[in-house]
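Every chain is numbered from 1 and lettered A, B, ... according to where its sequence line falls, protein lines coming before strand lines.
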There are 4 protein chains.
Amino acid sequence: MPQRRTDADPRAEPASLGIVAHPTGPRSQRVHEAVLLATQELLTEGGLPAATVDAIAARSGVSKATIYKHWPSRTAVAAKAFGRMMAEELPLPDTGSAVDDLTEQVVRVSAFYAGERGQVFAQLVAACVDDSAGAAYFRAYFLAGRRTAITGLWQRAVASGAADPAVPVDDAIDILFGPLIFRRLTGHYPLTEEHARTLALSALRGLLVRPAASPVARGTSGA
Amino acid sequence: MPQRRTDADPRAEPASLGIVAHPTGPRSQRVHEAVLLATQELLTEGGLPAATVDAIAARSGVSKATIYKHWPSRTAVAAKAFGRMMAEELPLPDTGSAVDDLTEQVVRVSAFYAGERGQVFAQLVAACVDDSAGAAYFRAYFLAGRRTAITGLWQRAVASGAADPAVPVDDAIDILFGPLIFRRLTGHYPLTEEHARTLALSALRGLLVRPAASPVARGTSGA
Amino acid sequence: MPQRRTDADPRAEPASLGIVAHPTGPRSQRVHEAVLLATQELLTEGGLPAATVDAIAARSGVSKATIYKHWPSRTAVAAKAFGRMMAEELPLPDTGSAVDDLTEQVVRVSAFYAGERGQVFAQLVAACVDDSAGAAYFRAYFLAGRRTAITGLWQRAVASGAADPAVPVDDAIDILFGPLIFRRLTGHYPLTEEHARTLALSALRGLLVRPAASPVARGTSGA
Amino acid sequence: MPQRRTDADPRAEPASLGIVAHPTGPRSQRVHEAVLLATQELLTEGGLPAATVDAIAARSGVSKATIYKHWPSRTAVAAKAFGRMMAEELPLPDTGSAVDDLTEQVVRVSAFYAGERGQVFAQLVAACVDDSAGAAYFRAYFLAGRRTAITGLWQRAVASGAADPAVPVDDAIDILFGPLIFRRLTGHYPLTEEHARTLALSALRGLLVRPAASPVARGTSGA
DNA sequence: GTATAATCGAGACGGTACGTCAAGTCTTATG
DNA sequence: CATAAGACTTGACGTACCGTCTCGATTATAC
């Protein structure tokens with residue numbers, strides 16, 4: 001059962017997918033494709049709750065047993081399908097100013113969370129809590145891509161001299177987007193553009209009193 | 001049906017609890033108490049998954065039907081029980097320096113998330129995603145208390161001149177703790193003290209390049 | 001609790017109803033009336049399943065506890081209410097020929113069973129199986145009246161010389177109507193007028209070969 | 001889903017049971033058997049009320065969901081189980097005289113109704129009233145067998161010249177046994193051998209005055 | 001070509017929890 | 001003291017989804 005093993009470790013799979021790992025060749029691929037497509041449709045139509053393994057099996061024509069040979073859990077399937085769906089969405093902003101790009105991205109992600117897709121995102125995050133195998137998929141097929149993209153943004157900002165190179169990129173990312181996720185999950189605070197913009201400003205400038213003028217002003221004048 | 005109605009709106013209940021609202025008198029209170037106690041035990045022993053309505057009913061001696069008359073969902077019961085459990089835990093630090101207090105609190109919360117209770121916390125947050133009624137309880141009986149406490153810390157920091165009064169407290173809180181929750185839920189980053197401390201520093205200082213020395217030093221001297 | 005005791009034995013109550021047994025006087029009567037009325041409405045609207053004790057209490061304005069002081073069970077209430085409803089319905093036929101009257105009555109009862117009220121009747125009979133207290137009420141407040149009426153018919157038939165005085169009236173009644181009830185309950189045979197008429201004929205003539213002409217002809221001529 | 005569908009129509013199943021219809025093979029049969037066995041035991045121990053779906057599931061080791069895939073309702077399971085239990089009981093009498101056989105059968109059935117099994121029978125009949133799917137099972141797996149047997153008796157009686165060939169067999173059966181069922185269900189008349197014998201006599205001879213001697217005597221002499 | 005072995009579709013199954021419902025009992029407060 | 005109001009226990013209901021398992025058909029390569 002090469003497929004199972006390979007895919008069970010989501011970190012290993014991307015490299016091997018479709019290259020060597022599938023002795024039976026085309027069959028597994030067909031299954032893979034059909035399942036992810038069906039799952040994407042179901043996620044779109046009714047969110048995670050609709051993406052029942054039974055429903056996926058029915059719509060994809062792939063049997064439940066086969067699905068469980070390819071993925072460790074329902075969450076894993078959904079995570080991968082979701083990762084695919086989102087691959088093209090949310091293109092990175094490029095305003096010329098790296099700092100503005102970061103702010104803009106926070107605003108966009110906030111809007112994304114507030115929308116229908118955001119609901120699915122939240123459901124997936126929730127599902128990860130009690131499904132570590134699924135969580136691995138979510139990280140590998142969704143989060144990783146997002147973080148890579150944001151890392152690019154961040155590095156541009158560092159290169160431009162605006163962002164602080166001393167700040168680890170993981171901290172930067174989580175400080176900018178963690179609050180949004182928190183808000184999305186518990187609903188304790190609205191996800192409007194207004195709030196997102198304010199939040200980004202606070203995160204970028206920091207929470208402490210600064211000696212000089214506003215960072216944007218300073219950033220502009222100082223650059 | 002005073003108890004039922006009252007409790008259906010989690011925001012309204014705290015004030016009226018046990019004061020006037022219960023015409024049937026002690027009965028409702030007994031039920032309330034028994035259910036929450038049983039739930040606390042179950043949460044401690046096996047987390048949210050163990051706090052089945054059936055299990056709660058069995059252990060508390062309160063019937064399922066009655067439980068569903070008092071709370072809108074399993075999550076709601078668990079949220080309230082958890083709020084109680086946590087009421088005394090996590091006392092606020094008081095080092096003398098407001099900024100150090102904020103940092104310390106981030107470290108403590110990180111440790112909390114990393115522990116067993118943190119698992120329950122994560123499960124509750126996850127459960128809120130598809131249970132808005134439960135989410136209301138979680139906000140009212142757990143989050144609200146936490147946020148109030150942190151707000152105190154923040155205000156001290158503002159008063160001391162270290163924290164930026166222009167930053168909305170909700171932003172401050174979410175910037176400091178949102179990243180931790182994000183990390184806890186998806187597991188994409190470890191929750192060690194080391195990382196927590198670094199994170200707090202980044203959040204406090206901001207992500208952008210600063211003209212002068214360390215924020216703490218500057219904060220102190222600048223005040 | 002005189003009302004309870006009195007009413008618990010349905011055979012004793014009819015005589016005493018409203019004469020001596022109710023020390024509280026008007027109050028009990030009001031309760032009695034309201035409950036039976038509400039129950040009648042509910043039975044009409046949705047059959048026995050609709051006549052929930054909660055529903056009866058709600059509609060009548062009489063509390064559940066009070067209802068249970070007056071009647072031993074839900075079935076008992078429904079049985080009595082049903083008995084009342086049916087008191088005036090199904091007047092006895094009077095064609096001049098006692099035998100024809102019996103036949104006609106079988107046909108009418110068959111039609112009754114086939115209708116909506118027949119459904120309620122069947123539900124009550126069913127409810128009696130595991131509720132002997134309710135069964136007593138059903139016998140006292142519904143069956144007794146019916147049997148008395150049919151007994152009259154039978155006695156006319158005997159007097160006219162058509163019916164066999166050697167046949168116990170209870171046998172006669174059950175032979176004529178028992179089959180209809182059986183058919184109504186299990187649905188193994190349709191309840192059409194056609195079938196009812198044939199049945200009545202078979203029951204009246206007997207199942208064995210007869211030496212002479214039709215029983216009716218003989219009955220008439222022989223009288 | 002052969003088993004499920006097949007069994008959903010109780011009339012169709014008996015022929016196909018265990019012959020061709022089960023692609024999954026032994027599994028369905030095992031379930032079937034285990035459920036019916038457990039149900040039989042429960043019915044014996046505590047009647048229909050004891051044959052809870054939960055109890056059946058627990059005792060048979062078959063899950064509730066599976067039970068509900070095989071049968072439309074609890075009543076249906078019980079009906080089939082009861083049909084099996086009764087298959088061998090109540091052997092037909094054979095006294096030489098067909099008419100005596102009919103009488104004897106009425107007496108036996110009366111005794112059966114009066115006993116423990118009769119209680120279960122009554123409960124099943126009652127359950128049929130509000131469960132038409134269950135009623136179909138009851139007819140198919142219990143009543144049908146009984147009626148077939150009695151039909152044999154009846155045909156012997158007709159062949160012997162004693163029974164009236166003009167009487168439809170369904171009428172004959174219901175006239176002979178309907179009264180017993182009626183009495184059993186409402187309890188308005190005792191089910192003693194004495195009464196059963198009298199009843200049979202009345203049913204056989206008919207309710208009307210006869211010109212000649214007793215039907216038995218006449219039947220014998222007339223044949 | 002044919003054997004061999006895996007892959008797969010179909011779906012039965014056990015398990016576990018869900019949220020609901022009604023019966024009947026009991027308590028408190030009212031008149 | 002009879003009531004109204006309704007909280008409460010009990011016990012069963014029927015459903016949903018998960019993940020495992022079995023069976024038999026299909027198919028791809030190795031012989």
Practice task
Could you please name the option among dC8(E), dG19(F), dT9(F) that lies closest to any side-chain atom of His70(A)?
Solution key: dC8(E)

Problem - Polar side-chain atom of Arg74(B) near backbone of Leu48(B) as donor-acceptor pair, under 3.5 Å - result: yes

Exercise for the section: On DNA chain E, check which nucleotide each of Ser73(B) and Pro49(C) is closest to and give me the residue with the more 5' one. Expected result: Ser73(B)

Exercise for the section: When you get a sec, tell me which of dT20(F), dA12(E), dG19(E) is the closest nucleotide to the side chain of Lys69(D)? Expected result: dA12(E)

Practice task
Return the value, rounded to whole Å, for the distance between atom CH2 of Trp71(C) and atom P of dT3(F).
Solution key: 10 Å

Handout entry: Flag, side chain of Thr66(D) to backbone of Val62(D), donor-acceptor distance under 3.5 Å
Key = no

Practice task
Would you indicate which nucleotide in dA4(F), dA22(E), dC13(F) comes nearest to any side-chain atom of Val53(D)?
Solution key: dC13(F)

Handout entry: Minimum-distance pair of heavy atoms, taken over all atoms of Cys128(A) and Leu185(B)
Key = CB-O, 4.0 Å

Exercise for the section: For residues Val129(A) and Ala126(B), report the shortest heavy-atom separation together with the two atoms involved. Expected result: CG2-CB, 3.9 Å

Exercise for the section: Please determine if a side-chain N or O atom of Arg74(A) lies less than 4.0 Å away from the OP1 or OP2 oxygen of dA16(F). Expected result: no

Exercise for the section: With the side chain of Asp54(B) defined as its heavy atoms from C-beta on, choose the nearest nucleotide among dC13(E), dC18(E), dG19(F). Expected result: dC18(E)

Practice task
Using the ring of Tyr137(D) (Phe, Tyr or Trp, six-membered ring only), decide whether Lys80(D) places NZ or CZ under 6.0 Å from its centre and within 45 degrees of its axis.
Solution key: no

Practice task
Using atom NE2 of His32(D) as one end and atom C1' of dC13(E) as the other, report the distance to the nearest whole Å.
Solution key: 15 Å

Handout entry: Presence of Thr75(A) side-chain N/O under 4.0 Å of dC18(F) phosphate oxygens OP1/OP2
Key = no

Problem - Separation of atom OH in Tyr68(D) from atom P in dG11(E), rounded to whole Å - result: 23 Å

Problem - Trp71(C) side chain reached by His32(C) side chain, heavy atoms, under 4.5 Å - result: yes

Practice task
Could you check which residues of residues 55-66 of chain A get a heavy atom under 4.0 Å from DNA chain F? Sort them by number, please.
Solution key: Lys64(A), Ala65(A)

Practice task
Send over the distance from Arg30(A) CZ to dA28(F) P, rounded to a whole Å.
Solution key: 10 Å

Handout entry: Separation of atom CD1 in Ile67(C) from atom C1' in dA2(F), rounded to whole Å
Key = 14 Å

Completion exercise
Rounded to whole Å, CG of Leu42(D) lies from P of dA12(F) at a distance of 11 Å

Fill in the blank from the handout: Heavy atoms of Val77(B) and Leu36(B) approach each other most closely as O-CD2, 4.0 Å

Problem - Distance, rounded to the nearest Å, where Leu48(B) contributes CG and dA17(E) contributes C1' - result: 13 Å

Exercise for the section: Whole angstrom is fine here: how far is it from CG in Asp130(C) over to P in dA23(E)? Expected result: 15 Å

